[in-house]
S.K.: 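Pasting a structure below so you can have a look.
As a basis for the values below, the full set of heavy atoms in this structure was taken, side chains included, without hydrogen atoms, waters or symmetry mates.
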Amino acid sequence: MNPEKRPKREPEEEEEIEEEVKHGRHEPEDRRSRHCPYLDTINRSVLDFDFEKLCSISLSHINVYACLVCGKYFQGRGLKSHAYIHSVQFSHHVFLNLHTLRFYCLPDNYKIIDSSLEDITYVLKPTFTKAQITNLDKQAKLSRAYDGTTYLPGIVGLNNIKANDYANSVLQALSNVPPLRNYFLEEENYRNIQRPPGDIMFLLVQRFGELMRKLWNPRNFKAHVSPHEMLQAVVLCSKKNFQITKQGDGVDFLSWFLNALNSALGGTKKKKTIVTDVFQGSMRIFTKKLPHPDLPAEEKEQLQNNEEYQETMLESPFMYLTLDLPTAPLYKDEKEQLIIPQVPLFSILAKFNGITEKEYKTYKENFLKRFQLTKLPPYLIFCIKRFTKNNFFVEKNPTIVNFPITNVDLREYLAEEFQSVHKNTTYDLIANVVHDGKPNEGSYRIHVLHHGTGKWYELQDLQVTDILPQMITLSEAYIQIWKRREDGEKNQQGA
């Protein structure tokens with residue numbers, strides 16, 4: 001072959017070839033490839049590619065092979081390598097390089113080419129064509145996993161490794177936002193983004209893309225996915241602020257994750273990314289400083305004429321809106337049961353009507369603030385403020401928010417001059433994250449709308465069940481994602 005026309009090799013392929021040259025086994029490619037008699041020893045039921053690609057003995061991530069008979073990972077395939085020794089010791093012969101996606105037979109060390117192995121490489125690295133991505137939300141077809149269980153791609157349980165359901169529920173919610181999902185299903189969209197040397201944050205982008213492709217894989221071997229590699233990237237990139245072993249707060253995680261993802265994709269105040277295109281809106285914040293409450297009335301009146309106490313206006317972008325709940329009552333009813341109060345969604349949305357004033361206290365000063373929306377995003381996130389922290393403990397407000405799951409019109413919360421710019425202001429719910437139990441412990445579950453079937457599903461760790469839309473509104477909703485209805489779109493939901 002003309003050396004100039006030879007395709008450029010990946011670093012992992014170069015390592016493989018170097019290893020073969022060192023052991024005197026590097027031959028022309030066509031002579032090394034042949035049919036393998038051991039393919040029937042492959043055990044697909046033990047194959048799990050969701051975990052970190054590390055050798056189970058040396059813990060190295062360089063040149064790692066999966067044994068397709070027992071599912072374990074080993075480094076190298078040279079004469080003294082862990083994979084080679086494993087193949088001789090246990091008579092396990094078929095291995096897959098986890099980086100180059102090439103199959104080898106050990107200890108004979110030849111490359112295997114066989115079309116029957118394509119399902120294994122697809123599970124390791126699922127890919128989606130533009131046509132497949134376009135059809136995802138029109139599909140109502142169940143997929144069958146290797147173990148016989150059926151599942152809907154995208155409506156797949158995520159493994160709770162120890163106490164990471166707070167992150168799982170947010171990742172599940174984001175994976176059901178079509179434009180965000182479609183962007184990450186196609187690696188081409190972000191592969192060539194330039195990052196400064198030594199920047200680890202891009203790992204979040206890569207791992208999130210891999211997780212999206214696994215969640216939406218129609219040819220999975222099992223009907224659930226482990227977010228192990230994604231969460232390891234979260235622990236690393238958040239400098240251990242978010243852990244796998246300790247329950248975290250879903251809203252804190254969502255806020256950090258969206259901002260970190262936006263920044264890793266190269267987003268700045270001027271430069272937009274898929275994250276800001278999908279979720280970012282803007283609002284006006286009006287702030288007025290209040291005189292100290294203990295001052296005499298005359299002095300207060302005098303101070304209010306000072307410039308320092310005049311109302312100021314700031315235009316600010318937002319990724320989500322925080323909705324405040326009214327204080328929960330402390331009294332009990334006749335049967336000594338605490339009354340669980342209820343509040344309509346529109347009551348707590350009144351915070352953004354430009355009229356409602358709310359007092360904010362800092363250590364030294366008090367302010368009155370009011371808010372008014374100026375831009376509504378295609379997908380709007382509500383975070384319902386259930387937790388209040390004081391010096392001693394965290395309290396949870398159990399108030400149930402009564403909300404319709406379709407046809408929420410937000411036009412009245414837009415400043416008048418911006419109403420004409422917004423043709424569509426009606427939103428339908430597509431994801432609802434719920435927190436159950438005590439503030440510091442508790443657990444998370446999520447309700448998601450499957451666009452293809454128009455049905456709602458509840459996901460809690462590995463459990464996936466269908467749910468009636470009217471049951472969703474009875475839960476202690478914590479995070480919600482609403483989709484703006486565009487021209488000609490009908491309500492997709494079976495409500």
Side-chain angles (χ1 to χ4, degrees), residues 47-52 119 122-129 132-147 149-161 164-187 189-190 204-234 244 250 253-254 257-258 261 274-275 278 379 430-433 444-453 455-466 479 481:
L47 300 184
D48 189 342
F49 301 126
D50 290 349
F51 291 90
E52 204 175 355
D119 63 328
Y122 193 84
V123 166
L124 174 57
K125 198 171 182 186
T127 53
F128 292 81
T129 64
Q132 285 172 324
I133 292 171
T134 309
N135 286 323
L136 278 179
D137 293 330
K138 298 168 192 163
Q139 289 286 343
K141 204 173 105 186
L142 286 166
S143 289
R144 188 175 290 278
Y146 183 74
D147 60 4
T149 51
T150 54
Y151 67 96
L152 270 171
I155 309 291
V156 178
L158 274 178
N159 203 1
N160 188 358
I161 297 161
N164 54 276
D165 54 342
Y166 72 98
N168 283 3
S169 59
V170 169
L171 294 168
Q172 288 279 21
L174 295 175
S175 76
N176 275 280
V177 174
L180 187 76
R181 172 203 68 199
N182 296 355
Y183 178 88
F184 281 96
L185 285 181
E186 225 177 328
E187 206 179 345
N189 289 327
Y190 56 84
L204 274 185
V205 174
Q206 292 168 316
R207 294 286 182 256
F208 188 57
E210 286 165 13
L211 182 67
M212 287 284 139
R213 292 189 286 277
K214 283 177 178 173
L215 285 171
W216 285 90
N217 181 1
R219 292 156 55 186
N220 240 329
F221 283 171
K222 51 192 179 8
H224 62 268
V225 170
S226 175
H228 195 269
E229 287 187 288
M230 173 79 244
L231 293 170
Q232 279 188 313
V234 164
I244 298 175
F253 175 69
L254 173 74
F257 187 72
L258 287 180
L261 207 57
I274 185 67
V275 179
V278 172
Y379 288 81
I430 59 162
N432 182 55
V433 174
Y444 284 85
R445 57 194 164 100
I446 179 170
H447 304 126
V448 288
L449 171 71
H450 184 261
H451 294 83
T453 56
K455 288 182 181 171
W456 280 91
Y457 290 87
E458 180 174 275
L459 292 87
Q460 185 163 23
D461 301 337
L462 298 180
Q463 284 181 302
V464 178
T465 48
D466 46 5
I479 300 166
I481 303 181

S.K.: With distance as the sole test, does Tyr457 use its side chain to make a donor-acceptor pair with the main-chain N or O of His450 at under 3.5 Å?
M.R.: no
S.K.: Give me the atom names and distance for the closest heavy-atom approach of Ala431 to Ala173.
M.R.: CB-CB, 4.1 Å
S.K.: Counting C-beta onward and ignoring hydrogens, is there a side-chain heavy-atom pair between Tyr379 and Ile430 closer than 4.5 Å?
M.R.: yes
S.K.: Side chains of Leu152 and Ser143: closer than 4.5 Å at any heavy-atom pair?
M.R.: no
S.K.: Specify the closest pair of heavy atoms between Val433 and Ser169, including all atoms of both residues, with the distance to one decimal.
M.R.: CG1-OG, 3.6 Å
S.K.: Given 3.5 Å as the limit, does a donor-acceptor pair link the side chain of Asp48 with the main chain of Asp50, or not?
M.R.: yes
S.K.: Indicate yes or no: at least one non-hydrogen side-chain atom of Asn159 is less than 4.5 angstrom from one of Asn168.
M.R.: no
S.K.: Is it true that Glu210 and Arg207 make a salt bridge, defined as a side-chain N closer than 4.0 Å to a carboxylate O?
M.R.: yes
S.K.: Restricting to non-hydrogen atoms, name the atom on Ala167 and the atom on Leu231 that form the minimum distance, rounded to 0.1 Å.
M.R.: CB-CD2, 3.7 Å
S.K.: Do Ile161 and Ser226 come within less than 4.5 Å of each other through their side chains, counting heavy atoms only?
M.R.: yes
S.K.: State, yes or no, whether a side-chain contact exists between Tyr146 and Leu47 at a heavy-atom distance under 4.5 Å.
M.R.: no
S.K.: Could you tell me which residues satisfy side-chain hydrogen bond (donor to acceptor under 3.5 Å, both in side chains) with Asp165, sequence neighbours excluded, listed by chain and number?
M.R.: Gln247
S.K.: Taking all non-hydrogen atoms of both residues into account, name the closest pair between Phe128 and Pro126 and its distance.
M.R.: CE1-CB, 4.3 Å
S.K.: Taking Thr129's backbone N and O only, do any of them form a donor-acceptor pair with Gln132's side chain (distance below 3.5 Å, no angle check)?
M.R.: yes
S.K.: For a quick test of reading the model, state the closest non-hydrogen atom pair linking Pro153 to Trp216 and the distance between them.
M.R.: O-CZ3, 3.3 Å
S.K.: State, yes or no, whether a side-chain contact exists between Glu186 and Arg213 at a heavy-atom distance under 4.5 Å.
M.R.: no
S.K.: I need the minimum non-hydrogen distance between Tyr122 and Thr127, along with the two atoms involved.
M.R.: OH-O, 2.7 Å
S.K.: Quick check on side-chain contact (heavy atoms from CB on, under 4.5 Å): which of Leu174, Ile481, Leu171 does Leu254 satisfy it with?
M.R.: Leu174
S.K.: Is any side-chain heavy atom of Phe221 closer than 4.5 Å to one of Asp147?
M.R.: no
S.K.: Determine whether a donor-acceptor pair (N or O, by modelled atom type, separation under 3.5 Å) exists between the side chain of Tyr444 and the backbone of Gly250.
M.R.: yes
S.K.: Enumerate, atom names and distances included, each donor-acceptor pair closer than 3.5 Å involving a side-chain atom of residues 175-185, sequence neighbours excluded.
M.R.:
from   : atom 1 : to     : atom 2 : distance (Å)
Ser175 : OG     : Gln172 : O      : 2.8
Asn176 : ND2    : Gln172 : O      : 3.2
Arg181 : NH1    : Asp137 : OD1    : 2.9
Arg181 : NH2    : Asp137 : OD1    : 3.3
Arg181 : NH2    : Asp137 : OD2    : 3.0
Asn182 : ND2    : Pro178 : O      : 3.4
Tyr183 : OH     : Asn189 : O      : 3.2

S.K.: May I ask you to test the Phe49-Val123 pair for a side-chain heavy-atom distance under 4.5 Å?
M.R.: yes
